[in-house]
Trainee: 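Before I ask anything, let me first share the structure, which is written out below as structure tokens.
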Amino acid sequence: LRHLRMQQITYQYYSFINEHTMKAKQLLTLLLLIAVTGCGTTNINKLIAQQGGKQLTPEQVLSLVEGNTLRLTGYDTDAYLYLDRSGKTFAVDIYNNRDLGQWDVSDQGEFCVRMKSWWYSDLSCYKIYQVGESYKVTNTSGLIKFSATRYPGDYKNSYYTVNKGKKSF
């Protein structure tokens, strides 16, 4: 009889522990989901709906970038890009790493840039939106990649003479 009572107590103990462990796991999963969705990327449509704003025209994009510096800040980027009138891009990040690239504005108003080393040397094209006094730079899916601040001219003195012997990367 004593043996059966011990088995019953043991079973109740393990049932109690198992039930509370499952509840703890469910609570942890719920909290993790809430945290992840709160830290997700922002879609430009959501931001425009909340704060207003509009996509810049090709002429406005060209006026914004040509001969000026854009500071791009994002998840893994904090850099200044001087966009020379020649189409060359001279970049420096907050750690004083430097890179050289090329830029252009498409007929659809996309700001396109390819750096020699940064961003895997891929050609990347972005739409630029003005939201209040700030600019948001989005990928083609409408996800905000960067916040941008415009500075007149070569704000970080990043221009240097490029060897003219090589015409492309």
Side-chain angles (χ1 to χ4, degrees), residues 29 31-169:
T29 302
L31 291 174
L32 187 60
L33 282 172
I34 291 170
V36 168
T37 57
C39 298
T41 56
T42 304
N43 183 295
I44 192 65
N45 296 328
K46 180 180 174 185
L47 190 66
I48 287 174
Q50 291 173 348
Q51 299 180 16
K54 61 178 181 148
Q55 183 179 346
L56 299 184
T57 65
E59 294 79 17
Q60 290 171 320
V61 173
L62 188 62
S63 175
L64 176 74
V65 301
E66 187 175 38
N68 295 309
T69 300
L70 282 186
R71 179 181 183 191
L72 300 179
T73 55
Y75 170 71
D76 61 352
T77 301
D78 192 347
Y80 295 84
L81 278 64
Y82 170 57
L83 304 152
D84 189 59
R85 294 181 188 281
S86 68
K88 295 282 185 204
T89 303
F90 301 89
V92 60
D93 68 11
I94 59 170
Y95 305 106
N96 211 30
N97 297 310
R98 296 181 178 274
D99 200 5
L100 177 67
Q102 295 177 331
W103 71 272
D104 200 358
V105 176
S106 75
D107 293 340
Q108 294 77 35
E110 292 178 318
F111 167 65
C112 299
V113 64
R114 173 179 285 164
M115 302 306 294
K116 189 173 183 179
S117 300
W118 293 359
W119 304 314
Y120 307 104
S121 300
D122 290 337
L123 176 65
S124 301
C125 293
Y126 305 101
K127 295 177 182 177
I128 300 179
Y129 292 81
Q130 185 168 6
V131 181
E133 294 298 314
S134 66
Y135 298 97
K136 302 297 179 186
V137 181
T138 71
N139 64 14
T140 54
S141 300
L143 296 178
I144 298 173
K145 289 285 290 179
F146 309 109
S147 292
T149 306
R150 177 187 173 269
Y151 296 95
D154 185 6
Y155 182 72
K156 286 292 200 177
N157 298 316
S158 51
Y159 177 87
Y160 61 91
T161 304
V162 178
N163 180 1
K164 303 227 183 221
K166 189 174 181 183
K167 298 201 185 269
S168 64
F169 300 142

Trainee: Just to verify, what does Q55 make a side chain to side chain contact (heavy atoms under 4.5 Å, CB included) with, not counting sequence neighbours?
Mentor: K127, Y129
Trainee: Could you tell me whether a side-chain N or O of R150 sits under 3.5 Å from a main-chain N or O of L64, the two making a donor and an acceptor?
Mentor: yes
Trainee: Has the side chain of N68 got a donor or acceptor atom that lies under 3.5 Å from a matching backbone atom of G153?
Mentor: yes
Trainee: With sequence neighbours left out, which residue pairs that include part of residues 61-95 fulfil the disulfide (SG to SG under 2.5 Å) condition?
Mentor: none
Trainee: With Q108, which residues qualify under side chain to side chain contact (heavy atoms under 4.5 Å, CB included), at least two apart?
Mentor: S106
Trainee: Can you list every pair that meets disulfide (SG to SG under 2.5 Å) and has a residue in residues 62-112, with sequence neighbours left out?
Mentor: C112-C125
Trainee: Minimum heavy-atom separation for P58 and V105, please, with both atom names.
Mentor: O-CG1, 3.9 Å
Trainee: Do D78 side-chain atoms and I94 backbone N/O form a donor-acceptor pair below 3.5 Å?
Mentor: no
Trainee: Does Y155 offer a backbone N or O that forms a donor-acceptor pair with the side chain of T69 under 3.5 Å?
Mentor: yes
Trainee: With sequence neighbours excluded, tell me which residues meet salt bridge (Lys or Arg N to Asp or Glu O under 4.0 Å) with D104.
Mentor: none
Trainee: Atom OG1 of T57 and atom CG of L62: how far apart are they, to the nearest 0.5 Å?
Mentor: 9.5 Å
Trainee: Begin with the C-alpha distance, continue with both residues' side-chain angles, and end with the deciding distance and a verdict on side-chain contact (heavy atoms from CB on, under 4.5 Å) for T89 and Y82.
Mentor: CA-CA 6 Å; T89 303; Y82 170 57; over 6 Å; no
Trainee: How long is the gap from CD on E110 to OG1 on T138, to the nearest 0.5 Å?
Mentor: 8.5 Å
Trainee: Tell me, please, which residues at least two apart from S121 pass side chain to side chain donor-acceptor pair (under 3.5 Å).
Mentor: none
Trainee: Under the salt bridge (charged side-chain N to carboxylate O under 4.0 Å, His left out) rule, what pairs show up with a residue in residues 135-145, not counting sequence neighbours?
Mentor: none
Trainee: Which residues pass the side chain to side chain contact (heavy atoms under 4.5 Å, CB included) test with D99, not counting sequence neighbours?
Mentor: M115, K116, S117, W118
Trainee: Are the side chains of L81 and W103 in touch, meaning some heavy atoms are under 4.5 Å apart?
Mentor: no
Trainee: Does S124 have any side chain to side chain donor-acceptor pair (under 3.5 Å) partners at least two apart in sequence or in another chain, and if so, which?
Mentor: none
Trainee: Please examine the side chains of L100 and F90, heavy atoms only from C-beta on, and report whether any two atoms are closer than 4.5 Å.
Mentor: yes
Trainee: Applying salt bridge (charged side-chain N to carboxylate O under 4.0 Å, His left out), which residue pairs with at least one partner in residues 49-66 are found, sequence neighbours left out?
Mentor: E66-R85
Trainee: Restricting to side chain to side chain donor-acceptor pair (under 3.5 Å), what partner residues turn up for N139, sequence neighbours left out?
Mentor: none
Trainee: Could you tell me the separation between the CG atom of L72 and the CZ atom of F111, rounded to the nearest 0.5 Å?
Mentor: 6.5 Å
Trainee: Between OH of Y80 and CG of D154, what distance do you get to the nearest 0.5 Å?
Mentor: 12.5 Å
Trainee: Step by step, would you call Y135 with L56 a side-chain contact (heavy atoms from CB on, under 4.5 Å)?
Mentor: CA-CA 10 Å; Y135 298 97; L56 299 184; 4.0 Å; yes
Trainee: Mind checking side chain to side chain contact (heavy atoms under 4.5 Å, CB included) for Y95 and listing every partner two or more places apart, or none if nothing turns up?
Mentor: D93, N97
